[in-house]
**Student:** 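To start, I am sharing the structure in question, which I have written as structure tokens.
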Amino acid sequence: MKLPRTTLILILLALGLGGFVYFHEIRGATVREQTKEQKQKIFSFGEDDVQSLTVTTKKLTLNLERNPESSSNPKWLIKSPISGPANDAIVSYLMNLLVKGNSEQTLSTPAKELGEFALDEPQATINITLKNRQSHQLILGKSNFNGRFLYAEADPAPKPDGNINVLLVSTDFANAVNRELSEWKQPVDNSQKLPPLTIPKPTPINSK
């Protein structure tokens, strides 16, 4: 039996609407959920939970500890390779990345292939010790193919299948840790070291 043209149009519209609902609502929700799972926080601790940091790069190994005098500045102290107050702005920049940083994607990779991401000879390693004595580690490898992210490992440990989770993290981490020792030190306030300005008294003119 031949269906009226109007009925056929209604059937086609219904099929089209059903397809739209499936791909946008059902299929789309699945994809969005997978994307949400891929993009997740690197660590779950807060800034106030951190007691010390050790930053190791190819140039130096820097040990930082929270100032026990919490109400005074600076908030952080350099313990080695020198001793002294740390640059709070520089340390806070790194801390913000550690606490709020996300992994854009997680790649399950055989441990033998870590060299492809420069994670066997990393550009930097950050060791974090919390006030409760728990420890965490972030290893930074090379940039990905388009230079938008860094390959990294967070608390590296093999999974049951023997693979390692390789993360894609912000390149800001490289900017935060690859610094000269002088940048980690608290800036010197030169205004406090300048001698007071003295105005010479005018030499009296002897009148004849």
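What you see is a predicted model; the values in this text were computed from it and never measured. One is the number of the first residue; the rest follow in order along the sequence.
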**Student:** Any idea which heavy atoms bring Asp172 and Leu97 closest together, and the distance?
**Tutor:**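 Shortest heavy-atom contact: O-CD1, 3.6 Å.
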**Student:** Taking only residues two or more places apart in sequence or in another chain, which ones pass side chain to side chain contact (heavy atoms under 4.5 Å, CB included) with Asn127?
**Tutor:**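 Result, side chain to side chain contact (heavy atoms under 4.5 Å, CB included) vs Asn127: Thr54, Thr125, Gln137.
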**Student:** Using a 6.0 Å cut-off, check whether atom NZ of Lys112 has over 12 heavy atoms from anything other than its own residue.
**Tutor:**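 Not buried by this count: 12 neighbours or fewer within 6.0 Å.
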**Student:** Please test Asn87 against Glu183 for side chain to side chain contact (heavy atoms under 4.5 Å, CB included), starting from the C-alpha separation and ending with a verdict.
**Tutor:** CA-CA 7 Å; Asn87 187 323; Glu183 296 181 77; over 6 Å; no
**Student:** Hey, is the main chain of Tyr93 close enough, under 3.5 Å, to the side chain of Asn96 for a donor-acceptor pair?
**Tutor:**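 A pair under 3.5 Å: no.
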**Student:** How long is the gap from NZ on Lys58 to CD on Glu121, to the nearest 0.5 Å?
**Tutor:**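 So the gap between those two atoms works out to 7.0 Å.
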**Student:** Within the 3.5 Å criterion, strictly below it, is a donor on Asn146 or Asn144 matched to an acceptor on the partner's side chain?
**Tutor:**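 Yes, because at least one side-chain N or O of Asn146 sits under 3.5 Å from a partner of the opposite role on Asn144.
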**Student:** Roughly how far apart are Met95 CE and Arg66 CZ, rounded to 0.5 Å?
**Tutor:**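 Answer for the CE-CZ pair, Met95 versus Arg66, is 6.0 Å.
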**Student:** With clusters defined by side-chain heavy atoms of hydrophobic residues (ILVMFWY) lying less than 4.5 Å apart, directly or transitively, does Trp184 cluster with Leu138?
**Tutor:**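 Linked, Leu138 and Trp184 end up in one cluster.
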**Student:** Could you tell me whether the side chain of Ile42 reaches within less than 4.5 Å of the side chain of Phe173, counting heavy atoms only?
**Tutor:**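 Side chain of Phe173 against side chain of Ile42, heavy atoms only: contact under 4.5 Å found.
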**Student:** Mind checking whether Leu119 and Leu150 sit in one hydrophobic cluster, side chains of I, L, V, M, F, W, Y counted as touching below 4.5 Å?
**Tutor:**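 Different hydrophobic clusters.
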**Student:** Between OG of Ser143 and CZ of Phe117, what distance do you get to the nearest 0.5 Å?
**Tutor:**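 That separation rounds to 13.0 Å.
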**Student:** Should Thr129 and Leu53 count as side-chain neighbours, where that means a heavy-atom distance under 4.5 Å?
**Tutor:**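 When only atoms from C-beta onward are counted, Leu53 and Thr129 do not touch, as no gap falls below 4.5 Å.
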**Student:** Looking at every heavy atom in both Glu104 and Phe149, which two are closest together, and how far apart are they?
**Tutor:**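 Reported closest heavy-atom pair: CG-CE2, 3.1 Å.
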**Student:** Test side chain to side chain contact (heavy atoms under 4.5 Å, CB included) on Leu167 and Glu153 and set out the steps.
**Tutor:** CA-CA 6 Å; Leu167 314 179; Glu153 282 184 273; over 6 Å; no
**Student:** Are any side-chain N or O atoms of Asp161 and backbone N or O atoms of Asn163, one a donor and one an acceptor, separated by less than 3.5 Å?
**Tutor:**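 Yes.
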**Student:** Side chain to side chain contact (heavy atoms under 4.5 Å, CB included), that's the test. Do Asn165 and Thr109 meet it? Break it down for me.
**Tutor:** CA-CA 6 Å; Asn165 280 338; Thr109 306; over 6 Å; no
**Student:** Any side-chain heavy atom of Ser83 sitting closer than 4.5 Å to one from Leu77?
**Tutor:**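 No - every pair of side-chain heavy atoms lies 4.5 Å or more apart.
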**Student:** Is it true that a side-chain atom of Glu116 and a backbone atom of Glu113 form a donor plus acceptor pair closer than 3.5 Å?
**Tutor:**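 Side chain of Glu116 to backbone of Glu113: no pair is present.
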**Student:** Find out whether Tyr151 and Leu107 are in side-chain contact, i.e. whether some heavy atom of one side chain is under 4.5 Å from a heavy atom of the other.
**Tutor:**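 Answer yes - side chains close enough.
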**Student:** For Pro74 and Ala86, which heavy atoms make the closest approach, and how far apart are they?
**Tutor:**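 So the two residues come closest at CB-O, 3.6 Å.
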**Student:** Hey, is NZ on Lys131 packed in by over 12 heavy atoms from elsewhere, all under 6.0 Å?
**Tutor:**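 For Lys131, atom NZ is crowded (more than 12 foreign heavy atoms under 6.0 Å).
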**Student:** May I ask whether Leu140 and Val91 are part of the same hydrophobic cluster, defined by side-chain heavy atoms of I, L, V, M, F, W, Y residues being less than 4.5 angstrom apart, directly or through others?
**Tutor:**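 Hydrophobic grouping puts Leu140 with Val91.
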**Student:** Heavy-atom distance under 4.5 Å between the side chains of Ser108 and Lys159, does that happen here?
**Tutor:**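 When only atoms from C-beta onward are counted, Lys159 and Ser108 do touch, with a gap below 4.5 Å.
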**Student:** Under 3.5 Å, is there a donor-acceptor pair between the side chain of Asp88 and the main chain of Lys75?
**Tutor:**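 The answer is yes, because a donor-acceptor pair under 3.5 Å joins these two groups.
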**Student:** Please confirm whether the backbone N or O of Ile82 pairs with a side-chain atom of Ser80, one donor and one acceptor, at under 3.5 Å?
**Tutor:**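 A pair under 3.5 Å: no.
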**Student:** So, applying side chain to side chain contact (heavy atoms under 4.5 Å, CB included) with Val55, which one of Val177, Thr61, Leu60 is it?
**Tutor:**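 Exactly one pass, corresponding to Val177.
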**Student:** Within the structure provided, determine whether Ile139 and Pro156 are in side-chain contact (heavy-atom separation under 4.5 Å).
**Tutor:**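 Sidechains of Pro156 and Ile139: in contact.
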**Student:** Kindly compute the distance separating CZ (Phe45) from CG (Asn132), expressed to the nearest 0.5 Å.
**Tutor:**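 Output value for this atom pair is 10.5 Å.
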**Student:** Any chance you could measure Lys79, atom NZ, to Leu64, atom CG, to the nearest 0.5 Å?
**Tutor:**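 Here the rounded value is 10.5 Å.
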**Student:** Determine whether Leu98 and Ile128 satisfy the following criterion, side chain to side chain contact (heavy atoms under 4.5 Å, CB included), listing intermediate values before the conclusion.
**Tutor:** CA-CA 9 Å; Leu98 292 171; Ile128 306 118; 4.2 Å; yes
**Student:** Heavy-atom distance under 4.5 Å between the side chains of Gln123 and Asn178, does that happen here?
**Tutor:**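 Heavy-atom side-chain distance check passes, below 4.5 Å.
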**Student:** Work out which heavy atom in Pro81 is nearest to a heavy atom in Leu62; give both atom names and the distance.
**Tutor:**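 The pair with the smallest heavy-atom distance is CD-CD1, 4.1 Å.
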**Student:** Side-chain contact test, heavy atoms from C-beta onward, threshold under 4.5 Å: evaluate it for Val50 versus Trp76 and give yes or no.
**Tutor:**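 Side chain of Val50 against side chain of Trp76, heavy atoms only: contact under 4.5 Å found.
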**Student:** Between Arg179 (side chain) and Ala176 (backbone), is there a donor-acceptor pair under 3.5 Å?
**Tutor:**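 Yes; judged by distance alone, with no hydrogens or angles, the pair exists.
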